[in-house]
Amino acid sequence: MNNLATRSQPVSAIVLDDDRFQLRIMKKLLDRLGLANALYTDNADEAVASAGGAGDTLLFLDLNMPGTNGLQVMKSLAAAGYCGGIVLVSGHEQRILDSSQDMAVSLGLNVVGAYRKPLSATAVTDAYERFRSLARTRCIPSSTQHEPAVSVEDIRNELEGRTSNLVLFNQPKFDMKTGRVAGYEVLARWKLGSQLLSPARFIPTATESGQIHELSMLICRKALESHRHILDSGYPIGLSINFSIRTLSMQGSAERIVELARQTGIDPAFITIEITETEIFGDIQDYLDKLMHLIFHGVKLSIDDFGTGQSTLTHLKAIPFAELKVDRVFVRNAATDHRSAALFESSVRVAKQLGMQVVAEGGESEEDWNFARSLGCDQFQGYYAGKPASPEELLQLLEDGKTI
Ligand code: G
Ligand code: MN
């Protein structure tokens with residue numbers, strides 16, 4: 001992580017703008033900053049070709065040019081492996097700039113700033129200074145892309161008890177009124193040598209091979225056995241387990257979960273099952289009876305990653321969820337991003353009107369916590385409050401009476 005090399009050499013710059021007057025102003029400003037070797041052009045192809053894969057370039061991109069779509073230019077830059085800085089400029093309203101910035105970030109571009117036109121001298125200087133002090137990490141490939149995948153054979157060995165590479169982490173959920181640990185979400189990881197692989201490295205394989213059903217039950221059994229220990233230690237808190245709707249809708253799954261609770265001596269009222277919103281599919285009436293089986297036995301259902309799926313409101317009407325987890329894209333930086341704030345606030349309001357408990361997920365700062373609290377969220381789960389922990393670490397948190 002520590003490759004935060006500060007640039008000492010003056011950087012070169014590219015200004016892509018269809019307005020010649022604007023190009024002249026930019027030249028004056030950049031000359032003053034010592035960027036004598038900059039390129040000023042209204043030709044997107046030329047700008048992309050000059051940017052190449054260099055990390056020392058700062059590109060000012062006008063999003064709205066006749067005949068050129070700034071967002072397409074961003075895609076071309078990303079495809080060319082551009083890892084310099086990018087400053088977005090637009091004459092349009094703030095929301096258009098915000099959405100464009102989100103897209104640039106998700107393309108992996110190194111956004112240094114986003115400004116409305118006309119660009120002030122201060123904005124240009126600020127962007128340049130920020131770029132100079134920025135990390136070059138974007139040029140380094142993300143290590144997760146090189147994580148190996150788990151094979152069908154590996155999963156079979158695990159299911160048949162020959163290996164024990166499946167490990168469960170517990171991420172605490174904090175009560176926003178008392179600041180105390182109110183429960184936790186079980187997160188599955190796969191141990192491979194010294195690496196811990198995320199579900200993205202083994203769940204798709206298990207799904208394709210048809211092992212997902214058995215694997216989910218194994219995760220559930222291990223989680224409940226571990227929870228037994230927490231209850232026995234004198235902490236009557238709940239646990240949340242992720243299940244795919246495909247697994248839950250299979251014949252016999254709901255019954256098996258209830259049976260696992262009975263075998264491990266866990267009152268189903270302690271169990272919440274999280275269902276990812278993006279996975280809810282087809283005709284809900286086809287599997288509502290399975291979900292109801294769980295509910296009738298006291299298990300709670302939670303809608304996870306709320307706001308990221310389609311037909312969001314239809315799901316809330318059709319399924320009696322007890323809990324709603326607002327996705328982190330709305331929780332993070334909500335205090336400063338008015339779009340997130342608006343969608344976050346309306347999600348909380350709808351959930352409250354339906355009598356659901358609301359969890360703010362993925363908050364990483366004190367501001368995120370304060371904002372979620374001001375909206376009346378019941379619980380908070382995010383790196384700011386607590387990262388995924390081993391069962392021993394979680395027990396320690398409970399014993400310490402840790403509060404936020
Ligand atoms: O999709 P679901 O909500 O079940 O995802 C939980 C995942 O989110 C876990 O892998 C967990 O590690 C991750 N996570 C939890 N809190 C945070 C956070 O504050 N920031 C980030 N980046 N990830 C988080
Ligand atoms: Mn979840």
Side-chain angles (χ1 to χ4, degrees), residues 1 102 105-106 108 137 142-144 147 166-174 176 181-191 195-204 207 212 215-216 219-220 223 238-248 271-280 299-309 312 315 319 321-335 337 340 344 347 351 356-373 377-391 393-394 397 404:
M1 281 266 98
D102 288 351
V105 170
S106 70
T137 47
S142 152
S143 59
T144 56
E147 274 187 354
L166 183 69
V167 281
L168 302 185
F169 283 84
N170 301 325
Q171 187 177 28
K173 291 162 79 188
F174 289 81
M176 297 209 81
V181 177
Y184 62 94
E185 176 177 356
V186 177
L187 300 166
R189 298 287 182 268
W190 195 279
K191 205 165 58 191
Q195 279 181 294
L196 277 175
L197 308 184
S198 63
R201 297 285 132 193
F202 56 94
I203 296 294
T207 304
I212 186 66
L215 187 62
S216 303
I219 293 171
C220 185
L239 86 164
S240 299
I241 311 176
N242 295 284
F243 265 94
S244 90
I245 194 90
R246 284 187 197 277
T247 298
L248 292 177
I271 307 173
T272 297
I273 287 184
E274 295 191 9
I275 302 172
T276 295
E277 204 207 2
T278 48
E279 283 192 344
I280 300 177
V299 175
K300 295 187 202 67
L301 299 187
S302 170
I303 184 162
D304 202 0
D305 308 322
F306 184 77
T308 59
T312 288
H315 299 154
I319 305 173
F321 290 105
E323 180 187 89
L324 181 149
K325 294 184 88 170
V326 182
D327 192 77
R328 54 176 158 271
V329 299
F330 307 110
V331 174
R332 202 173 299 157
N333 301 324
D337 186 327
S340 294
F344 189 1
S347 302
M356 300 165 76
Q357 164 168 288
V358 188
V359 182
E361 196 176 30
E364 295 185 355
S365 67
E366 191 179 356
E367 291 76 47
D368 292 345
W369 168 280
N370 289 336
F371 194 84
R373 204 179 132 100
C377 288
D378 301 290
Q379 292 183 359
F380 184 99
Q381 180 190 345
Y383 289 176
Y384 168 68
K387 292 196 169 168
S390 66
E393 287 168 334
L394 183 80
L397 282 183
I404 294 297

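Note that ligands are numbered from 1 as they come in the structure, with each ligand's atoms numbered from 1 the same way.
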> So, for Y184 and P172, which heavy atoms are closest and what is the spacing to 0.1 Å?
Replying inline: CB-CA, 4.0 Å

>> What protein heavy atom lies closest to atom 11 (C) of ligand 1? Include the residue and the distance to one decimal.
In response: L187 CD1, 3.8 Å

>> Any nitrogen or oxygen of D305, side chain or backbone, less than 3.5 Å from one on ligand 1?
In response: yes

> Applying the side chain to side chain contact (heavy atoms under 4.5 Å, CB included) test to I219, which of L166, L187, N242 qualifies?
Replying inline: L166

> Strictly under 4.0 Å, does any heavy atom of T276 approach an atom of ligand 1?
Replying inline: no

> Numbering the atoms of ligand 1 from 1, which are under 4.0 Å from a heavy atom of G382?
Replying inline: 16 (N), 19 (O)

>> If only side-chain N and O atoms count, and only distance matters, is there a donor-acceptor pair under 3.5 Å linking K300 with Q357?
In response: no

>> Within the supplied structure, the quantity of interest is the number of heavy atoms (other residues, nucleotides, ligands) at a distance under 6.0 Å from R246 CZ; does it exceed 12?
In response: no

> With side chains defined as the heavy atoms from C-beta onward, is the minimum distance between E279 and I275 less than 4.5 Å?
Replying inline: no

>> Given Q171, E361, E364, identify the one with the heavy atom nearest to atom 21 (C) of ligand 1.
In response: E364

>> Under a 3.5 Å threshold, yes or no: a donor from one side chain and an acceptor from the other, between E323 and S302?
In response: yes

> When Q171 is tested against each of Q381, E185, E361 for side chain to side chain donor-acceptor pair (under 3.5 Å), which residue passes?
Replying inline: Q381

>> Measuring from atom 7 (C) of ligand 1, which candidate in E274, E185, R328 has the nearest non-hydrogen atom?
In response: R328

> Between A351 and L324, what is the shortest heavy-atom contact and its length?
Replying inline: CB-CD1, 4.0 Å

>> Need the ligand 1 atom indices (1-based, order shown) with element for anything under 4.0 Å from a heavy-atom of R332.
In response: 20 (N), 21 (C), 22 (N)

>> I'd like to know if R189 contacts ligand 1, where contact means a heavy-atom distance under 4.0 Å to any ligand atom.
In response: yes

> For E364, which residues count as a salt bridge (charged side-chain N to carboxylate O under 4.0 Å, His left out) partner, sequence neighbours excluded?
Replying inline: R332

> OG1 of T278 to CZ of F306: how many Å apart, nearest 0.5 Å?
Replying inline: 12.5 Å

> By residue and atom, what protein N/O/S atoms are less than 2.8 Å from the Mn ion (ligand 2)?
Replying inline: E185 OE2, N242 OD1, E274 OE1, D304 OD2

>> Just to confirm my output: which protein heavy-atom neighbour is closest to atom 19 (O) of ligand 1, and how far is it?
In response: Y383 N, 2.7 Å

>> I'd like to check which ligand 1 atoms, numbered from 1 as shown, lie under 4.0 Å from a non-hydrogen atom of P388.
In response: 12 (O)

>> Ring-plane angle category for W190 and F202, please: parallel below 30°, perpendicular beyond 60°, tilted otherwise.
In response: tilted

>> Give me the residue, atom name and distance of the protein heavy atom closest to atom 2 (P) of ligand 1.
In response: D304 OD2, 3.5 Å

